[in-house]
Amino acid sequence: MNDLFHAPLYIQIENLLEKKILSKEFLPGSKIPSERDLAIQYGVNRMTVKKAIDALREKGLLYRKQGSGTYVTSSNVDKENVYFNLSFTDKNSNSGISELLTKNGIHFSNEVIGKEIISNNAFLNDKLEQTNNDQVFALHRIRQIEDNPFAIEYNYLPAALFPGALEVDFKNVSLYDYMDSKKHRPVHISQFIQVVPALKKEARLLKTDEGSLLYYIVYLGYDEQNNAVEYTESYLVSDELHLQFTLGGILGDKETY
């Protein structure tokens, strides 16, 4: 018999919860069920569940929010400067905003300003290589560092590949972690960037002056099966960020600017 069944009950619960966290059944940033609900689910008392959760907190896998509940720990930590490495030569570069921030150890937060299912949008369906009868899941967010907005991100995904996306708490859950849990994480990403003046809407949301310069970045992502799974448009405040470009020459040489 597996040694797990000889362990104290709280260790068995700890192991079960840890497996769900590591397998991303409980996504980073998401709220886990309450101690009461977990006790009912596993047929144990709340003290047993509390000991299991406390052990996972000591491991750094969970944390509590006063008056809110217990959440899965994200991998973000604080860092002063923001550096984006945008590779235009590597078709396999996975360089979405969240991915870049996380890789660089930057603490950030999200404000969800809209999410919905869109029907009959020819432009988005064309970008996602769908028919006009297919639906698109839209997610619009403001990205913030220390409560200062630095980017607006408009994400569009094929709704058929991501059922239940409307119910996900994208204020706390990484979009790419969610896509990964559905086995459709982008692994091939093409990118386009230009500098544009801030229009009235973007200036208001980013708390900057109308006409100030923004980085406008478009991402088109494909999963391992080469399905188009992401079309994203981002506007980034140029004076808050350092962008590092890697450009390929005719002979394949690379220079960084």
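Position 1 is the first residue of the sequence, and the numbers go up from there.
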Let me confirm one number: the [atom1]-[atom2] distance from [X] to [Y], rounded to the nearest 0.5 Å.
{"X": "Leu236", "Y": "Leu206", "atom1": "CG", "atom2": "CG", "value": "8.0 Å"}
{"X": "Gln130", "Y": "Asn121", "atom1": "CD", "atom2": "CG", "value": "10.5 Å"}
{"X": "Asn132", "Y": "Asp126", "atom1": "CG", "atom2": "CG", "value": "8.5 Å"}
{"X": "Leu17", "Y": "Leu62", "atom1": "CG", "atom2": "CG", "value": "7.5 Å"}
{"X": "Leu9", "Y": "Met47", "atom1": "CG", "atom2": "CE", "value": "14.0 Å"}
{"X": "Leu205", "Y": "Leu199", "atom1": "CG", "atom2": "CG", "value": "11.5 Å"}

Within-4.5 Å side-chain heavy-atom neighbours: [X] and [Y]:
{"X": "Leu157", "Y": "Met179", "value": "yes"}
{"X": "Arg64", "Y": "Asp54", "value": "yes"}
{"X": "Phe26", "Y": "Leu61", "value": "no"}
{"X": "Thr232", "Y": "Val218", "value": "no"}
{"X": "Ile189", "Y": "Gln191", "value": "yes"}
{"X": "Glu111", "Y": "Arg141", "value": "no"}
{"X": "Leu38", "Y": "Ile53", "value": "yes"}
{"X": "Leu27", "Y": "Val72", "value": "no"}

Do Lys65 and Tyr71 meet the cation-pi criteria used here (NZ or CZ under 6.0 Å from the six-membered ring centre, within 45° of the axis)?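 Yes.
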Return yes if some donor-acceptor pair links the side-chain N/O of [X] with the main-chain N/O of [Y] below 3.5 Å, else return no.
{"X": "Asn172", "Y": "Asp169", "answer": "no"}
{"X": "Lys207", "Y": "Phe150", "answer": "no"}
{"X": "Thr48", "Y": "Val44", "answer": "no"}
{"X": "Asn15", "Y": "Ile11", "answer": "yes"}
{"X": "Lys171", "Y": "Val112", "answer": "no"}

Salt bridge or not between Arg185 and Asp223? Use side-chain N to carboxylate O under 4.0 Å.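 Looking at Asp223 together with Arg185, the answer is no, because their closest N to O distance does not fall below 4.0 Å.
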Are Lys51 and Glu14 close enough for a salt bridge, meaning some N to O gap below 4.0 Å?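 Here Lys51 does not pair with Glu14 in a salt bridge, since their nearest N and O are not under 4.0 Å apart.
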Evaluate whether atom NZ of Lys19 has more than 12 neighbouring non-hydrogen atoms of other residues, nucleotides or ligands under 6.0 angstrom away.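 Result for NZ/Lys19: open.
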Does Gln41, at its CD atom, have more than 12 non-hydrogen atoms belonging to other residues, nucleotides or ligands within less than 6.0 Å?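 More than 12 heavy atoms, drawn from other residues, nucleotides or ligands, come within 6.0 Å of this atom.
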Is there a ring pair (Phe, Tyr, Trp, His ring centres under 6.0 Å) between His140 and Tyr156 once you walk through the steps? CA-CA 9 Å; His140 298 173; Tyr156 303 97; 5.6 Å; yes
Could you verify whether a donor N or O on one side chain and an acceptor N or O on the other, from Glu153 and Tyr219, lie under 3.5 Å apart?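 The answer is no; no qualifying pair exists.
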Whether the Tyr176 and Glu230 side chains hold a donor-acceptor pair (N or O, under 3.5 Å, no angle test) is what I'd like checked.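 Present: a donor and an acceptor within the cut-off.
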Show your reasoning for whether ring pair (Phe, Tyr, Trp, His ring centres under 6.0 Å) applies to Phe123 and Tyr231. CA-CA 11 Å; Phe123 174 80; Tyr231 174 72; 5.8 Å; yes
In the single-linkage hydrophobic clustering (I, L, V, M, F, W, Y; side-chain heavy atoms under 4.5 Å), do [X] and [Y] co-cluster?
{"X": "Leu16", "Y": "Leu56", "answer": "yes"}
{"X": "Val173", "Y": "Tyr63", "answer": "no"}
{"X": "Ile40", "Y": "Ile13", "answer": "no"}

Evaluate salt bridge (Lys or Arg N to Asp or Glu O under 4.0 Å) for Lys59 paired with Glu18, printing each intermediate quantity in order. CA-CA 10 Å; Lys59 290 182 178 181; Glu18 183 171 356; 2.8 Å; yes
Which atom pair, heavy atoms only, marks the closest approach of [X] to [Y]?
{"X": "Ala198", "Y": "Asp209", "value": "CB-O, 3.9 Å"}
{"X": "Thr208", "Y": "Ser212", "value": "OG1-OG, 3.0 Å"}
{"X": "Pro158", "Y": "Val229", "value": "CD-O, 3.3 Å"}

Should the pair Phe170 and Phe137 be assigned to parallel (<30°), tilted (30 to 60°) or perpendicular (>60°) ring geometry?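 Tilted.
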Which is it for Asp180 and Lys24 under the side-chain contact (heavy atoms from CB on, under 4.5 Å) test, yes or no, and what are the steps along the way? CA-CA 8 Å; Asp180 192 27; Lys24 292 189 176 179; 3.5 Å; yes
Can you confirm if the aromatic rings of Tyr215 and Tyr235 lie within a centre distance of less than 6.0 Å?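 Ring centroids of Tyr235 and Tyr215 are no less than 6.0 Å from each other.
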Test Leu175 against Asn110 for side-chain contact (heavy atoms from CB on, under 4.5 Å), laying out the working first. CA-CA 11 Å; Leu175 178 62; Asn110 302 309; over 6 Å; no
Restricting to salt bridge (Lys or Arg N to Asp or Glu O under 4.0 Å), what partner residues turn up for Glu202, sequence neighbours left out?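 Scan of Glu202 (salt bridge (Lys or Arg N to Asp or Glu O under 4.0 Å), adjacent residues dropped) gives none.
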Worked check of side-chain contact (heavy atoms from CB on, under 4.5 Å) between Tyr222 and Glu129: CA-CA 11 Å; Tyr222 294 83; Glu129 301 178 7; 2.8 Å; yes
Is there a side-chain contact (heavy atoms from CB on, under 4.5 Å) between Val195 and Leu214? Walk through the geometry before answering. CA-CA 6 Å; Val195 177; Leu214 304 176; over 6 Å; no
